[in-house]
Amino acid sequence: QNSRVLCFASFTVVLLAAAVFAEDNSADSAANVFSDPGDVLMLHHNSFHFTIFEKTEAGAALVLVFCAPWSQICQELMPIYKEAAAELKAENPPIYLAMMDADPMDNRNIALRYGAKGFPTVKVFKNNAATVVDYKGGREKEDIIKLAKASQGYSWTEVFSSSELDEQVAANERVVIFGGREHGRAASSAWKAFQLLADNVQSKQQFKFLAAFKPAVVEAAGIDAPAIQLITNYKGEGITKQVTEPKLNISSVSQVERWLYTRAKPLVANTADPIHASILRDAKIPVLHVILKEGGDRAAATAALTSVAQEIAPLLASPDASRKLLALALTDAADEVGKAVMGEMGIESTALPAIVIRVIRYPLRSSLWQAKANRIDKDAISAFASDFLNSKLNRFIKSDPSPDQTLSRKDPVQRVVGSTFESVVMDPSKHVLLSLYAPWCPHSKRLEPEYRKAAAKFWSMREKKPEKYGNLVIAQMDASANDSPVDHIQAVAYPTIMFVSAGNNTATRYQGPKTALDLIKWAKIQAGLLPEAEKRKEEL
């Protein structure tokens with residue numbers, strides 16, 4: 001689902017930049033998309049700021065979606081959004097949803113100001129519009145209702161005594177507390193950053209955010225103000241406390257968020273728990289999964305994972321382990337994470353149990369490693385974890401069979417798969433224009449005839465001037481079925497077009513119009529065959 005959303009977003013970025021806000025086949029149906037908004041607040045440029053300010057007072061939050069009437073996804077979202085708005089308005093007090101048609105120019109300028117580069121774009125506004133949070137989760141009615149409800153209220157609570165703090169720790173698995181000084185809190189950049197961080201992750205319901213300014217409370221918590229403390233209280237693990245190091249810039253939201261997520265995981269996560277799964281996802285660190293089939297011995301697997309986690313903990317905490325991060329998780333084949341990992345690696349249920357390491361590095365693809373183990377015990381898990389931490393493993397590369405292809409005027413596009421990627425795309429003697437596409441993506445389908453036209457044109461030019469165009473390859477890869485083993489050449493949306501230069505293999509992403517003429521012109525410039533200053537003089 002995420003990859004299909006990104007496929008759509010990649011196309012709408014180009015449309016927005018070019019100010020082309022129409023699609024031939026949607027004009028008629030688009031006319032009535034916003035005609036009956038129901039309980040959805042329809043915002044316009046002249047009412048936008050007042051409404052946002054009014055609806056986000058006293059801890060209230062307003063979920064707003066920027067849409068365009070020509071967008072098929074917006075058309076599909078509208079009835080769902082209307083149903084959610086009706087249910088939320090019936091709450092006591094009412095909760096509101098808002099929408100803005102980003103098609104008119106005045107509205108479009110506001111959408112651009114808030115980073116709406118694709119449609120629909122969902123934002124959560126809080127604190128009289130001073131806080132704006134991006135939302136990239138699901139768009140079913142239940143997802144929208146959960147987001148709106150979870151975003152209401154202040155994202156942090158101030159505690160005034162040690163007993164209050166103890167009660168919060170006892171009631172929550174993860175508590176984040178800001179310890180500050182009473183004097184000058186309003187001017188504290190660290191305090192402002194903490195509030196913004198709390199607002200950013202509030203709707204995920206992963207942490208309980210607290211603040212303490214009373215000296216006695218701060219001192220009892222063991223905090224040297226200003227600093228942030230993470231307290232975890234996982235079942236079977238007891239209470240652990242970690243305080244930000246002086247070298248960490250706690251005025252940086254991104255630095256604190258990174259620090260928080262890499263330390264908030266349990267010793268052994270259970271990916272069937274949606275909060276555990278979301279913390280592992282947001283941590284963006286390697287996760288070792290033991291994947292069990294239905295009826296597998298969970299107790300034995302948990303014991304083995306726990307033993308390994310305790311064994312490798314000193315290595316992960318050592319001074320030279322800044323890049324050695326690894327979480328451990330028990331995963332069922334039936335839960336969402338298990339299905340995703342098995343699908344990415346092509347693991348059948350008959351091959352379970354399995355040990356897999358997964359790193360979500362790219363928007364559309366993970367990096368994966370699989371243990372060649374026929375048993376699930378402490379020794380097998382430990383050996384696999386140790387080999388990974390010591391860089392002794394080869395990454396799993398998903399690949400279709402190598403194509404049996406003879407390039408010709410009628411078939412001028414070199415087909416690439418995971419196993420042939422490095423030999424074709426990374427050949428230092430060749431310039432390569434590469435399309436990373438998905439066959440089911442409508443925008444990839446729209447690109448295909450233009451891309452083949454460009455390839456046919458280059459084939460003709462190569463025949464006429466082989467000394468000039470002989471080292472230019474036009475290639476494509478189904479990136480939904482094949483992995484790129486090269487970190488800097490990855491699909492960020494479908495389709496992603498890149499030019500890989502001969503010699504140093506640097507990759508440049510194309511973001512212009514997807515026509516044959518534009519692709520030819522751009523590829524010539526990248527290959528040094530058509531200087532930028534002369535590109536308008538060239539007859540293609």
**Prompt:** Are the ring centres of W440 and Y494 closer than 6.0 Å?
**Reply:**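 Yes, the ring of W440 comes within the 6.0 Å limit of the ring of Y494, centre to centre.
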**Prompt:** Can we call the ring centroids of Y510 and W522 under 6.0 Å apart?
**Reply:**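 Yes, ring centres under 6.0 Å apart.
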**Prompt:** Does NZ belonging to K146 count more than 12 external heavy atoms closer than 6.0 Å?
**Reply:**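 Atom NZ in K146 is not crowded, with 12 or fewer foreign heavy atoms closer than 6.0 Å.
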**Asked** More than 12 foreign heavy atoms under 6.0 Å from CD of Q405: is that the case here?
**Response**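 Result for CD/Q405: enclosed.
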**Asked** Does E344 come within less than 4.0 Å of R358, counting only side-chain N to carboxylate O?
**Response**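 Judged by the 4.0 Å cut-off on N to carboxylate O distance, E344 and R358 do form a salt bridge.
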**Message:** Between the side chains of K453 and E450, is the shortest nitrogen-to-carboxylate-oxygen separation below 4.0 Å, so that they form an ion pair?
**Reply:**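 Yes, charged N to carboxylate O under 4.0 Å.
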**Asked** Quick one: does D483's side chain have a donor or acceptor within less than 3.5 Å of a partner on P485's backbone?
**Response**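 No, because the side chain of D483 does not come within donor-acceptor range (under 3.5 Å) of the backbone of P485.
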**Asked** Distance-only, no hydrogens or angles: does the H289 side chain make a donor-acceptor pair with backbone N or O of A329 under 3.5 Å?
**Response**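 No; zero donor-acceptor contacts below 3.5 Å.
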**Message:** Under the criterion side-chain hydrogen bond (donor to acceptor under 3.5 Å, both in side chains), I'd like the reasoning laid out for Q414 against Q476: C-alpha separation, chi angles, the key distance, then a yes or no.
**Reply:** CA-CA 6 Å; Q414 174 80 59; Q476 65 179 183; over 6 Å; no
Does a donor on one side chain and an acceptor on the other come within less than 3.5 Å for [X] and [Y]?
X	Y	value
S382	E311	yes
S402	S419	no
E257	N200	no
R174	Y234	yes

**Asked** Could you give the distance from CZ (F499) to CD1 (I489), rounded to the nearest 0.5 Å?
**Response**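 These two atoms lie 11.5 Å from each other.
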**Separation between CZ of F207 and OG1 of T232, rounded to the nearest 0.5 Å** =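 F207 atom CZ to T232 atom OG1 measures 10.0 Å (nearest 0.5 Å).
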**Inter- and intrachain pairs under side-chain hydrogen bond (donor to acceptor under 3.5 Å, both in side chains), touching residues 291-304, at least two apart** =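 Passing the test, one end in residues 291-304: R298-D332.
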**Request:** Begin with the C-alpha distance, continue with both residues' side-chain angles, and end with the deciding distance and a verdict on salt bridge (Lys or Arg N to Asp or Glu O under 4.0 Å) for E173 and K235.
**Result:** CA-CA 8 Å; E173 282 191 327; K235 184 178 180 180; over 6 Å; no
**Request:** Applying side-chain hydrogen bond (donor to acceptor under 3.5 Å, both in side chains), run through Q206 and Y261 and close with a yes or a no.
**Result:** CA-CA 10 Å; Q206 298 165 327; Y261 276 110; 2.4 Å; yes
**Item:** Criterion side-chain contact (heavy atoms from CB on, under 4.5 Å) against I357, the qualifying member of L328, L288, D387
**Value:**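 For I357, the side-chain contact (heavy atoms from CB on, under 4.5 Å) test succeeds with only one of L328, L288, D387, which is L288.
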